[in-house]
Amino acid sequence: GFISASISYDYDTNPEKRQKTPEFYGYIPARANKRTTIFVTMMFFSAGILLIRCIAIVLLGLIGKLWAFAYIGADLGLYLVIKVLRGDFWYWIPLGGSLEILSSV
């Protein structure tokens with residue numbers, strides 16, 4: 001939770017990004033106490049989502065291992081499909097050939 005909140009916070013409070021794309025960046029207010037509130041909220045929200053996903057996998061595993069593996073497979077499959085549709089699938093290291101595919105997955 002802390003890392004994703006830190007990345008979001010740093011990106012949003014970057015003056016260059018706020019100036020370049022004000023319609024996207026700027027959801028974190030300028031006042032310090034409100035910034036702290038937003039940061040803590042983002043941290044707990046992100047940790048909560050991770051906790052819910054872990055509990056879902058555990059509960060599906062209690063029903064049957066196949067259900068847990070199906071959930072994980074569907075989740076990863078949907079993630080990869082979205083990356084391909086966005087044109088964001090290829091990893092940035094130019095390894096060439098099948099190593100590029102392997103490093104992208």
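Under the ring pair (Phe, Tyr, Trp, His ring centres under 6.0 Å) criterion, F2 pairs with F39, not counting sequence neighbours.
Both L62 and I55 sit in one connected hydrophobic cluster of ILVMFWY residues. Membership requires side-chain heavy atoms under 4.5 Å apart, directly or through other members.
Listed here is the closest heavy atom pair of P29 and K34: CG-CB, 3.4 Å. For K17 against Y25, the heavy-atom pair with the smallest separation is O-CD1, 3.4 Å. Pairing each heavy atom of T41 with each of T37, the nearest pair is OG1-O, 2.7 Å. Here the closest heavy-atom approach between residue I28 and residue R35 is recorded as CG2-CG, 3.5 Å.
Considering CD1 of I38 and CG of N33, their distance stands at 10.5 Å, rounded to 0.5 Å. How far CD1 of I72 is from CG of L76: 7.5 Å, rounded to the nearest 0.5 Å.
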Can you list, pair by pair, the side-chain donor-acceptor contacts under 3.5 Å of residues 63-71, counting residues two or more places apart and other chains?
none

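More than 12 heavy-atom neighbours from other residues, nucleotides or ligands sit within 6.0 angstrom of OH on Y27.
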Output, in order, the C-alpha distance, side-chain angles, deciding distance and verdict of side-chain contact (heavy atoms from CB on, under 4.5 Å) for I3 and I7.
CA-CA 6 Å; I3 293 173; I7 291 170; 3.9 Å; yes
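A side chain to side chain contact (heavy atoms under 4.5 Å, CB included) with C54 is found for exactly one of I52, V58, L50, namely L50.
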